[in-house]
Participant: 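Structure below; questions to follow.
Below, chain A is the first sequence line, B the second, and so on; all start at residue 1. Note: hydrogens, waters and symmetry copies are ignored here, and every other heavy atom, side chains too, is used.
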Amino acid sequence: MAQKPSIPKGTRDFNPAEVAKRNYIFETIKAEFKKFGFQPIETPSFENSDTLMGKYGEEGDRLIFKILNSGDFLKKADSKAYEVKDSLKITASISEKALRYDLTVPFARYVVQHQNEIDFPFKRYQIQPVWRADRPQKGRFREFFQCDADVVGSKSLWQEVEFVQLYDAVFSALKLEGVTIKINNRKVLSGFAEVIGEKDKLIDFTVALDKLDKIGEEGVVKEMMQKGIAESAIEKIQPIFKLQGSFAEKINGIKAILKTSETGKEGIKELEFIEQAIQEMPLNSAKLDLDVTLARGLNYYTGAIFEISAPENVKMGSIGGGGRYDDLTGIFGLKNMSGVGISFGLDRIYLVLEELNLFPKAVTQNTKALFINFGDKEALYALKAVQKLRKENITAELFPDSSKMKKQMNYANKREIPYVILAGGEEMEQEKFTLKNMKSGEQQKVDFAAMVKTLS
RNA sequence: GUGGUUGUAGCUCAGCUGGUUAGAGCGCCGGAUUGUGGUUCCGGAGGUCGCCGGUUCGAACCCGGUCUUCCACCCCA
């Protein structure tokens with residue numbers, strides 16, 4: 001065999017069964033998005049580099065796939081950067097476009113660009129692939145789909161409440177139980193930093209705090225100290241490492257710490273608002289939990305922060321996330337436009353559903369009936385019936401070649417087609433069809449109407 | 001981006017301290033069975049051992065590079 005072709009690292013092919021299952025997830029999510037009043041938009045797979053660069057932090061810039069300029073790009077390259085082999089600097093001069101890294105920033109760009117045509121508050125959903133030049137791992141790909149729903153143009157906390165409900169609605173529809181919707185608030189995190197007098201180290205502080213469940217209290221303290229946060233400061237917020245119990249109990253715990261921080265208190269108020277609303281309208285299958293260590297994500301979150309944990313028995317990173325960003329469109333010149341949104345990680349949800357065996361059987365079902373081909377005369381008779389069946393909304397097909405019976409039956413068997421229809425000279429004369437149930441092996445000679453009845 | 005790991009038939013994997021023609025199970029193709037599949041029996045095809053180079057009389061096996069897989073870190077869906 002010749003050299004086998006291959007696909008790039010971190011990308012995948014999807015076979016028919018996989019596509020069917022993925023579509024099932026897409027359709028389920030989409031149906032809930034629509035029920036909540038979101039409308040779809042789509043944006044290009046690549047954007048101008050300056051739309052994306054600098055929006056995800058230094059780390060993010062590194063993970064953005066850059067597209068090489070067409071033509072004689074070296075002619076226009078930054079020769080100084082080239083001389084000293086400064087990859088970072090030369091990139092800007094040889095690449096002007098980049099593959100989209102997420103759906104939020106392109107959405108912000110979209111809102112600013114089309115601000116005059118949009119009726120605010122604007123609720124949009126978007127399901128498209130994104131690309132990251134990351135090193136792949138389980139559930140981590142270089143091309144994957146995000147399913148986002150966002151609202152811009154409203155500061156109302158009712159949006160947050162609705163997003164919690166939307167998460168719950170989607171996971172309930174997917175029959176995925178035991179999902180935890182973790183919530184936090186940027187203002188609470190700012191409050192912590194303020195209280196300990198390390199306001200300017202907010203990012204370092206939250207990034208370290210975010211790792212609590214992974215590296216433990218000791219690890220977090222160590223990392224904070226490495227980042228230059230004073231030991232005495234860390235001691236002050238020690239209680240947050242040990243927060244336990246119900247949502248309300250945890251709130252009480254942080255209230256004590258944040259009593260001197262106006263920002264912090266505001267964050268608490270927001271969290272309480274959302275929690276109380278959810279208590280009035282209980283969730284179906286998911287659980288809402290406060291996690292003050294949750295920092296997750298992008299620096300532009302200003303209020304609520306969401307992250308979705310898969311059920312405990314599945315080893316998988318977060319399967320969704322989101323939050324409130326007061327000033328995302330500000331980067332593109334549109335001020336005072338608050339947005340809040342959530343995202344579903346389709347590829348990871350797939351892995352979780354697969355692991356827990358939660359895909360409905362019907363998802364992969366395809367053709368209902370296969371007509372055996374006995375020759376041209378019989379094939380014509382069969383195809384006429386196929387055409388009529390399709391008009392009845394029944395998926396049917398004719399085996400294209402008059403191959404051996406064994407081969408045709410085998411084909412039906414392999415494809416798990418539930419019915420095979422045999423129609424030869426005898427059936428043609430009587431205007432009937434021999435309908436064989438592939439599972440039971442039973443067969444009977446029926447007329448078209450009876451066949452439709454069995455197949456529908 | 002850093003450190004580690006993996007790659008042998010379509011698939012899952014054997015293959016001893018380097019030693020002739022690299023194996024198994026499953027699958028595939030053909031036949032027993034030319035209007036009856038999933039069971040059984042018989043036969044068959046299919047491998048530059050990820051790729052490139054090196055060491056050696058000799059490499060699937062040792063060494064280097066590269067690609068890929070998975071894992072940890074970074075970060076994240």
Side-chain angles (χ1 to χ4, degrees), chain A residues 1-12 15 25 29 56-64 87-88 101-104 127-148 203 207-208 210-211 214-215 219 223 294-299 306-310 315-322 341-352 370-375 378 382 399 402-428 433-443 445:
Chain A
M1 196 190 303
Q3 220 177 343
K4 260 186 225 166
S6 64
I7 54 175
K9 190 201 313 207
T11 65
R12 296 146 304 153
N15 65 34
I25 302 175
I29 293 175
Y56 310 101
E58 211 177 300
E59 189 67 21
D61 282 358
R62 205 196 78 212
L63 297 177
I64 291 172
S87 307
L88 224 59
Y101 177 90
D102 72 355
L103 300 178
T104 307
I127 299 179
Q128 289 190 280
V130 303
W131 294 269
R132 296 187 186 176
D134 206 355
R135 197 172 284 207
Q137 269 178 50
K138 185 183 180 184
R140 245 181 142 156
F141 308 97
R142 300 213 291 184
E143 176 183 65
F144 62 96
F145 270 78
Q146 284 191 335
C147 312
D148 276 27
I203 301 286
V207 166
D210 191 48
K211 292 178 190 160
K214 212 166 180 183
I215 59 178
E223 180 163 332
L294 184 64
R296 198 43 63 162
L298 313 161
N299 315 338
F306 297 112
E307 177 170 307
I308 308 306
S309 300
K315 204 178 161 241
M316 178 64 63
S318 72
I319 54 175
I342 60 171
S343 179
F344 291 83
L346 165 100
D347 298 85
R348 289 189 175 177
I349 292 171
Y350 182 101
L351 292 172
V352 171
L370 178 78
F371 282 74
I372 298 293
N373 188 328
F374 290 115
E378 294 86 347
F399 195 89
S402 59
S403 312
K404 280 187 195 148
M405 244 327 226
K406 181 178 172 129
K407 188 165 180 155
Q408 302 193 40
M409 294 293 276
N410 219 321
Y411 178 79
N413 199 45
K414 287 275 169 55
R415 280 191 51 196
E416 294 183 327
I417 295 173
Y419 291 94
V420 160
I421 295 157
L422 302 94
E426 201 176 310
E427 285 90 348
M428 287 166 72
F433 304 89
T434 297
L435 190 57
K436 181 182 171 87
N437 180 322
M438 290 299 277
K439 208 165 188 181
S440 64
E442 287 165 13
Q443 60 184 61
K445 209 190 279 179

Participant: Quote, to the nearest angstrom, the C1' distance that separates B/C61 from B/G7.
Facilitator: 14 Å
Participant: Enter the distance from A/N373:CG to A/S402:OG here, rounded to the nearest 0.5 Å.
Facilitator: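 Here the rounded value is 5.0 Å.
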Participant: I need the NZ-C1' distance between A/K9 and B/C51, as an integer number of Å.
Facilitator: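 Rounded to whole Å, this separation is 15 Å.
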Participant: Is there, by distance only and without an angle test, a donor paired with an acceptor across the side chain of A/R135 and the base of B/G3 below 3.5 Å?
Facilitator: yes
Participant: If you compare every side-chain N and O of A/K214 against the phosphate oxygens of B/C73 (OP1, OP2), does one of them come in below 4.0 Å?
Facilitator: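 Yes, within the criterion.
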Participant: With RNA chain B as reference, determine whether A/F145 or A/A133 sits nearer its 5' end, using the nearest nucleotide of each.
Facilitator: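 By nearest-heavy-atom nucleotide position, the 5'-most residue is A/A133.
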Participant: Given B/G37, is OP1 or OP2 found less than 4.0 Å from the side-chain N or O atoms of A/K439?
Facilitator: no
Participant: Determine yes or no for a side-chain-to-main-chain donor-acceptor pair under 3.5 angstrom, with A/E427 supplying the side chain and A/G424 the backbone.
Facilitator: yes
Participant: Counting side-chain heavy atoms from CB outward, which of B/G37, B/C76, B/G35 is closest to A/N413?
Facilitator: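 Taking heavy atoms from C-beta onward, the closest nucleotide is B/G37.
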Participant: Write down the distance between CG (A/N373) and P (B/U36), rounded to a whole number of angstrom.
Facilitator: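 It is 16 Å, rounded to the nearest whole Å.
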Participant: Using purine N1 to pyrimidine N3 plus N6-O4 or O6-N4 for Watson-Crick, or N1-O2 and O6-N3 for G-U wobble, each under 3.5 Å, what pairs with B/G25?
Facilitator: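 Because both required distances fall under 3.5 Å, B/G25 counts as paired with B/C11.
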Participant: What interatomic distance, in whole Å, is found between P of B/A22 and the corresponding atom of B/C26?
Facilitator: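 Their P atoms lie roughly 22 Å apart.
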Participant: Return the value, rounded to whole Å, for the distance between atom CE of A/M428 and atom P of B/G35.
Facilitator: 16 Å
Participant: Answer with base, sugar-phosphate or nothing: what part of the nucleic acid does A/D347 contact at a heavy-atom distance below 4.0 Å?
Facilitator: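 Contact class for A/D347: none.
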Participant: Across all strands shown, which nucleotide pairs with B/C62 by Watson-Crick or G-U wobble geometry, both distances under 3.5 Å?
Facilitator: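 Pair assignment: B/C62 / B/G54.
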Participant: Side chain of A/F141 only, please: which of B/G37, B/G27, B/A77 is the nearest?
Facilitator: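 The answer is B/A77, which lies nearest to the side chain.
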Participant: Let's test this: given Watson-Crick or G-U wobble pairing with both distances under 3.5 Å, identify the partner of B/U2.
Facilitator: B/A72
Participant: Fit a plane to each ring of A/Y101 and A/Y56, take the angle between them on a 0 to 90° scale, and name the class: parallel (under 30°), tilted (30 to 60°) or perpendicular (over 60°).
Facilitator: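 The rings of A/Y101 and A/Y56 sit tilted, inter-plane angle from 30° to 60°.
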Participant: Rounded to the nearest angstrom, tell me the gap between atom CG in A/L422 and atom P in B/G37.
Facilitator: 11 Å
Participant: Between B/U36 and A/K436, counting only base atoms on the nucleotide and side-chain atoms on the residue, is there a donor-acceptor pair under 3.5 Å?
Facilitator: yes
Participant: Would you call A/F344 stacked on B/A77, i.e. ring centres under 5.5 Å apart with the planes less than 30° off parallel?
Facilitator: no
Participant: From B/G35, B/A77, B/C75, pick the nucleotide closest to the side chain of A/M405?
Facilitator: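 Of the options given, the side chain of A/M405 lies nearest B/G35.
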Participant: Between A/P136 and A/R348, which has a closest nucleotide on RNA chain B that is more 5'?
Facilitator: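 Final value for this comparison: A/P136.
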Participant: Please evaluate the base of B/G35 for a donor-acceptor partner in the side chain of A/E427 within a cut-off of under 3.5 Å?
Facilitator: yes
Participant: Would you check if A/R140 and A/R348 make a side-chain contact, meaning some heavy-atom pair closer than 4.5 Å?
Facilitator: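 When only atoms from C-beta onward are counted, A/R348 and A/R140 do touch, with a gap below 4.5 Å.
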Participant: Do any side-chain nitrogens or oxygens of A/Q137 fall under 4.0 Å of OP1 or OP2 in B/A72?
Facilitator: yes
Participant: Show the numbers, then the answer: is there a side-chain contact (heavy atoms from CB on, under 4.5 Å) between A/E378 and A/F371?
Facilitator: CA-CA 10 Å; A/E378 294 86 347; A/F371 282 74; over 6 Å; no
Participant: Is the phosphate of B/G30, meaning OP1 or OP2, less than 4.0 Å from a side-chain N or O of A/K406?
Facilitator: no
Participant: Would one find a side-chain N or O of A/K404 under 4.0 angstrom from OP1 or OP2 of B/G31?
Facilitator: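 So the side chain of A/K404 is within the cut-off, an N or O lying under 4.0 Å from OP1 or OP2 of B/G31.
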Participant: Keeping A/Q408 on the side-chain end and A/S403 on the backbone end, is there a donor-acceptor pair under 3.5 Å?
Facilitator: yes
Participant: Do the side chain of A/Q408 and the base of B/U36 come within less than 3.5 angstrom through a donor-acceptor pair of N or O atoms?
Facilitator: no
Participant: In terms of side-chain heavy atoms of A/M409, which of B/U36, B/C71, B/A77 is nearest?
Facilitator: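 When the side chain of A/M409 is considered, B/U36 is the closest of B/U36, B/C71, B/A77.
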